[in-house]
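Notes to accompany the following structure.
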Amino acid sequence: MVELAVSLPFFIGLTVGGIEIANYAALKMQLNQITLHTADGAARIGSATPNGHKTISEAQIKDIFEGAKREGARIALGGTHSYVDPATGVQSNRGNARIILSSFEEVDPFNADSPRYRIRWQRCTGSANFYTSNYGTKATATSVTGIGPENRQVTPPPGGSLMFVELQYYFRPIIVNGFTRLTNHSISQVASMVVREKRDLVGPTGSDGIYNAENVTAATCPWS
């Protein structure tokens with residue numbers, strides 16, 4: 001009994017720590033897959049046209065987002081969590097995640113000797129409105145050398161475009177906050193996919209490159 005009493009706290013600690021670490025690793029892997037699948041889906045969508053350039057619509061983009069949220073249902077990607085503002089002490093509910101989809105392409109006219117790129121449009125989903133893009137917006141990324149984390153930036157192929165996805169998620173340990181040095185914090189995942197086929201990047205007159213014949217509410221970002 002004495003040996004059990006002495007060793008039990010260590011066994012409990014190992015059990016709790018193992019559960020937390022395994023949960024964290026599995027969650028990061030799932031977030032990575034959701035981000036990758038979202039970028040892949042966004043690169044594939046489009047409706048065929050007589051001139052061979054596919055068009056994309058607001059409804060198709062919303063379908064991509066809906067698929068991402070369903071894939072992340074187990075980790076409550078579209079859910080909320082209780083949050084206490086450290087500055088005011090006020091408690092509120094806020095979203096768990098935000099997905100930011102950006103269409104990245106060459107600046108026109110393109111200069112191969114000094115290549116510059118821009119974000120033509122951005123769409124967002126998720127109720128975590130406190131998250132903003134770490135890699136620029138349509139208003140700020142108008143002439144940049146690439147998009148993505150430092151030393152890992154990506155660019156579209158000549159004459160093409162790529163879909164860049166940023167997923168931000170607020171992580172909370174499932175048992176004890178900070179027990180295994182895993183505390184409440186934000187996890188950010190990124191992925192990009194080149195658009196496979198020719199795409200109508202200009203869109204209808206007055207648009208940012210996306211059609212909306214269905215008249216759905218565009219999933220625009222709050223900073224657009």
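Note that the structure is predicted; figures quoted are calculated from it, not measured.
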Same apolar cluster: [X] and [Y], side chain cutoff 4.5 Å:
{"X": "I210", "Y": "I119", "result": "no"}
{"X": "F164", "Y": "V195", "result": "no"}
{"X": "L77", "Y": "I61", "result": "yes"}
{"X": "V154", "Y": "V165", "result": "no"}

Donor + acceptor pair across side chains of Q168, S186 (<3.5 Å):
no

Checking H53 against R199: is there a side-chain donor and acceptor pair closer than 3.5 Å?
no

Heavy atoms only: give me the nearest [X]-[Y] pair and the separation to one decimal.
{"X": "Q91", "Y": "S82", "result": "NE2-OG, 2.8 Å"}
{"X": "F104", "Y": "P156", "result": "CD2-CD, 3.7 Å"}
{"X": "N184", "Y": "P173", "result": "OD1-CD, 3.1 Å"}
{"X": "A68", "Y": "I99", "result": "CB-CD1, 3.8 Å"}
{"X": "N96", "Y": "T80", "result": "OD1-C, 3.3 Å"}
{"X": "T183", "Y": "F171", "result": "O-CD2, 3.6 Å"}

Is the shortest side-chain heavy-atom distance between L31 and I75 below 4.5 Å?
yes

Minimum side-chain heavy-atom gap T155-Q153 below 4.5 Å
no

Got a sec: does the CZ of R70 have more than 12 other heavy atoms crowding it under 6.0 Å?
no

With a cut-off of 6.0 Å (strictly less than), are more than 12 heavy atoms of other residues, nucleotides or ligands near CD of E3?
no

Partner residues of K54 under the salt bridge (charged side-chain N to carboxylate O under 4.0 Å, His left out) criterion, sequence neighbours left out
E197

Within the side chain of Y169, is there an N or O that forms a donor-acceptor pair under 3.5 Å with the backbone of L27?
no

Please confirm whether the backbone N or O of V216 pairs with a side-chain atom of N212, one donor and one acceptor, at under 3.5 Å?
yes

Inspect the contact between D208 and R123 and indicate whether a charged nitrogen and a carboxylate oxygen are less than 4.0 angstrom apart.
yes

According to side-chain hydrogen bond (donor to acceptor under 3.5 Å, both in side chains), who are the partners of Y83, at least two apart in sequence or on a separate chain?
none

Check side chain to side chain contact (heavy atoms under 4.5 Å, CB included) between V107 and all other residues, then give those that pass, not counting sequence neighbours.
R116, R118

